[in-house]
Each structure stands twice: as structure tokens, then as C-alpha cells.
Amino acid sequence: MAAVWAHILRRSFSSARQLLAAASGEEHQGARMWKILSFVVAVPGVSVCMLNCYLKAQQHSHERPVFVPYDHLCIRNKPFPSGDGKHSFFHNPHANPLPTGWEDAEEH
Amino acid sequence: MAHQAHAYHMVDPSPWPLTGATAALLMTSGLAIWFHFHSLLLLYLGLTLLFLTMVQWWRDIIREGTFQGHHTPPVQKGLRYGMILFITSEVFFFLGFFWAFYHSSLAPTPELGGSWHPTGINPLDPFEVPLLNTAVLLASGVTVTWAHHSLMEGNRKEAIQALTLTIILGVYFTSLQAMEYYEAPFTIADGVYGTTFYVATGFHGLHVIIGSTFLAVCLMRQVQYHFTSEHHFGFEAAAWYWHFVDVVWLFLYVSIYWWGS
């Protein structure tokens with residue numbers, strides 16, 4: 001977290017320095033450094049995280065949890081404004097139970 | 001021929017503040033009508049009027065600045081103050097939602113099972129898609145800085161490349177979040193956990209869409225030679241906004257996704 005803040009602060013300081021230096025015509029390597037950072041750190045970093053997600057997703061169990069009708073969850077004090085009023089906006093029948101339980105009868 | 005003896009911009013009369021205010025009224029009342037009477041008409045009218053207002057108001061600003069030369073250094077300084085103040089107001093907007101989150105999560109009530117996350121909630125794994133989203137936004141912060149430096153050094157082609165890459169990363173973030181919203185095992189109606197999660201991340205996602213749009217407008221302007229290496233405040237404002245969106249995400253990630261899991 002501290003490294004992230006240091007990175008952000010360094011970035012804003014370097015832009016300020018860049019503005020001062022631009023007048024005197026120096027610091028032509030500014031863009032080149034950020035281009036290198038983009039292709040050597042930023043994009044590979046994203047790729048590594050993508051791979052990590054893919055591998056972790058394969059390890060997931062495909063079992064659905066048992067539905068427990070907790071009082072503090074699945075609240076329906078008034079109907080939702082969209083659809084039939086019983087389903088949230090991003091409702092997913094496989095992942096989101098209704099107050100009465102799972103909508104479909106599938107095992108998976 | 002008349003001319004002004006000062007460097008400031010006396011703006012011509014314009015209808016867009018009025019249409020914008022009307023749009024705000026239509027959207028707020030439209031939202032209430034949708035919630036209670038299930039009609040979307042007022043909301044749609046408001047959104048249409050908002051869109052038309054934004055396009056025409058900002059088109060006029062571009063005309064005044066880029067083509068008519070009204071954005072002298074003092075005027076630009078005022079625009080900078082304006083953008084900084086606006087972003088500051090947005091920081092306070094998000095502070096409210098973080099307050100709500102910490103209020104509920106630091107002292108979870110017995111009704112929730114006395115714990116955070118509440119009993120029965122399966123939080124998202126912070127080291128799966130949320131971590132990818134963090135990498136995507138941090139990467140976009142690097143690419144937008146590359147774009148800025150390219151712009152300042154007069155490198156037109158690289159500025160376009162870097163800005164395009166930044167926008168692609170922004171759109172990628174939005175699609176990942178939309179997928180997460182669909183796949184999540186909890187909804188907005190799952191108690192205070194669901195509410196704080198979706199309201200905070202939802203408003204953040206809206207800001208990502210706004211920021212990506214702002215950057216896309218800058219890309220179109222850069223392609224059309226609006227920016228010079230010395231004068232490109234529209235781009236700087238978009239980049240500041242984008243960094244703000246990135247920082248809000250970092251706080252969301254650490255607080256809600258990581259600590260809150």
C-alpha cells in the first residue's frame with residue numbers, strides 16, 4: 001500500500017518537474033520511460049493477474065451452497081423497480097437465491 | 001472593432017445551464033416515479049436532455065478555447081481550480097459511502113451474526129478478479145502518464161497509442177466488474193453488506209465509465225489536432241479525473257474487498 005502511494009506521489013512530482021523542464025527543452029526521455037513502464041511492468045502485471053484468475057477459477061467447486069433463509073439477507077421490504085419486482089437488477093438464477101430458495105431445480 | 005482590455009473570458013449567454021438544471025429535475029423526479037409508479041418516461045427524458053446538454057455545452061467550450069482563443073493563461077488557471085474543486089467534491093461524495101461501510105462493518109450488529117462479513121454471506125475472493133481489476137487500473141494510470149508525456153514532447157502517434165491503451169484498460173475494468181456483478185453470490189438486497197458493497201462499487205463503476213468517456217473525447221480531439229504540446233488542459237483534466245478514479249478504487253479494494261472479506 002505504501003509502495004502504491006509512493007508511486008502515485010512520484011508520478012505527480014515527475015509531472016511537475018516535467019512542466020518546469022519542458023520550457024528549457026530537456027527531459028526528452030520522460031515519455032520513453034513511461035512507455036517502457038507501460039509495456040514491461042503494467043501490461044505484464046495485468047497478464048499475470050489474468051492468468052491467476054483463470055487458474056483459481058478452475059479450482060472452484062461447482063457445488064451450490066445450501067440455502068438458509070436468514071432474516072438479515074435476501075430482503076424484500078418493497079418490490080424492486082424493475083422486472084417482476086422479485087429479482088435484483090443483476091439477478092443470476094444460478095448464484096442468487098430468492099427468499100423462497102433456489103429458483104431452479106438443478107444440482108450443479 | 002470592439003476588444004477587451006483584460007485576459008479573462010466573458011462568456012456569451014447560453015441556454016445549457018437551464019437545460020442542465022431541467023435535466024437534473026427530470027432525472028430526480030423520474031427516479032422517484034420509476035421507484036413508485038414503474039414508469040421510465042420522465043427518467044428517459046431527463047437522461048436525453050442531460051446528454052444533449054453535455055454535448056452542446058462542452059462542444060461550446062471547445063469552440064471557445066481551441067478555436068476562438070479565449071483560454072488565456074489566467075482563464076486556464078481558473079479552469080484548473082475548477083477541476084480541482086470538482087474532484088475534491090467527489091472525494092467527499094465517496095467519503096460518505098466509506099463512512100457508511102465502516103459504520104456497519106466495524107461494529108456488526110447481532111442481527112448480522114455479530115461478525116463482518118455477516119453470517120451467510122460468501123464474499124468475493126479479493127485475490128481473484130478484484131486483484132485483476134486493481135492491476136488494470138494501476139496499469140491505466142501508467143499508460144495515461146505515458147500519453148501525457150508523449151503529448152508534452154509533441155509525439156502525436158505515441159500520444160494516440162497510449163491514450164487508446166488507457167481507454168481499452170478502462171473498458172476492460174468495466175466489463176470485468178459487470179461480470180462480477182452478475183456472478184456474485186450476494187445481491188444489493190442482502191442486508192447492509194450488499195447495500196454498502198453495491199452502492200460504493202456501483203458509484204465507482206459509474207465514475208470509471210465517465211472517466212473513460214472523458215478520455216475517449218480527448219482521444220478524438222487529439223486525432224483532430226486540438227492539443228498542442230504546451231496547451232492541452234482538457235487532457236490534463238481527464239488524466240486528473242482518471243487518477244482520482246484509480247485512487248478511489250484502491251481504497252475500495254483495501255476496505256471493502258480485502259479487509260471486509
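So that the names make sense, note that chain A is the first sequence line, chain B the second, and so on, each numbered from 1.
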Rounded distance [0.5 Å steps], NZ in Lys35(A) versus CD in Gln161(B): 5.5 Å
Chain A contact via Leu131(B) - which portion, at a heavy-atom distance below 4.5 Å: both
Heavy-atom proximity to chain B below 4.5 Å, by part of Pro65(A): side chain
Show the atom names and distances, to 0.1 Å, of all donor-acceptor pairs under 3.5 Å that link a side chain in residues 254-261 of chain B to residues at least two apart or in another chain.
from, atom 1, to, atom 2, distance (Å)
Ser255(B), OG, Tyr102(B), OH, 2.8
Ser255(B), OG, Phe251(B), O, 2.8
Tyr257(B), OH, Gln177(B), NE2, 3.3
Ser261(B), OG, Trp258(B), O, 2.9

Residues of residues 68-77 of chain A near chain B, each having a heavy atom less than 4.5 Å away: Tyr70(A), His72(A), Leu73(A), Cys74(A), Ile75(A), Arg76(A)
Min side-chain heavy-atom separation Glu183(B)-Asn92(A) under 4.5 Å: yes
Exceeds 12 heavy-atom contacts within 6.0 angstrom, atom CZ of Phe39(A): yes
Chain A contacts, top residue of Ala139(B), Gly191(B), Gly194(B), Ala189(B) (heavy-atom pairs, under 4.5 Å): Ala189(B)
Closest non-hydrogen atom pair, Ala31(A) against Trp146(B): O-CD1, 3.4 Å
Validation row: Val142(B), Trp34(A) side chains within 4.5 angstrom (heavy atoms): yes
Whether over 12 other heavy atoms sit under 6.0 Å from Phe67(A) CZ: yes
Full working for side-chain contact (heavy atoms from CB on, under 4.5 Å) between Tyr198(B) and Phe89(A): CA-CA 11 Å; Tyr198(B) 284 106; Phe89(A) 200 70; over 6 Å; no
Heavy-atom contact with chain A under 4.5 Å, split by part of Ile121(B): both
For chain A, the option from Ala147(B), Ser229(B), Gly120(B) that forms the most heavy-atom pairs under 4.5 Å: Gly120(B)
Contacting region of Asp125(B) [heavy-atom separation from chain A under 4.5 Å]: side chain
Per-residue contact mode, Asn155(B) against chain A (heavy atom under 4.5 angstrom): neither
Between Ala184(B), Ala162(B), Gly113(B), Ser140(B), the one whose heavy-atom pairs under 4.5 Å with chain A are most numerous: Ala184(B)
Where Phe186(B) and Asn96(A) come nearest, the two heavy atoms and their spacing: N-ND2, 4.0 Å
N/O donor to acceptor pairs below 3.5 angstrom from side-chain atoms of residues 42-53 of chain A, sequence neighbours left out:
from, atom 1, to, atom 2, distance (Å)
Ser47(A), OG, Val43(A), O, 2.9
Asn52(A), ND2, Phe127(B), O, 2.8

Within-4.5 Å side-chain heavy-atom neighbours: His36(B) and Lys78(A): no
Heavy-atom neighbours of His38(B) NE2 exceed 12 at 6.0 Å: yes
Chain A contact via Thr109(B) - which portion, at a heavy-atom distance below 4.5 Å: neither
Nearest-0.5 Å distance that lies between atom CG in Leu37(A) and atom OG1 in Thr143(B): 11.0 Å
Contacting region of Ala159(B) [heavy-atom separation from chain A under 4.5 Å]: neither
From CZ (Phe90(A)) to OH (Tyr181(B)), nearest 0.5 Å: 7.0 Å
Chain B neighbours within residues 80-87 of chain A, where any heavy atom lies under 4.5 Å away: Phe80(A), Pro81(A), Ser82(A)
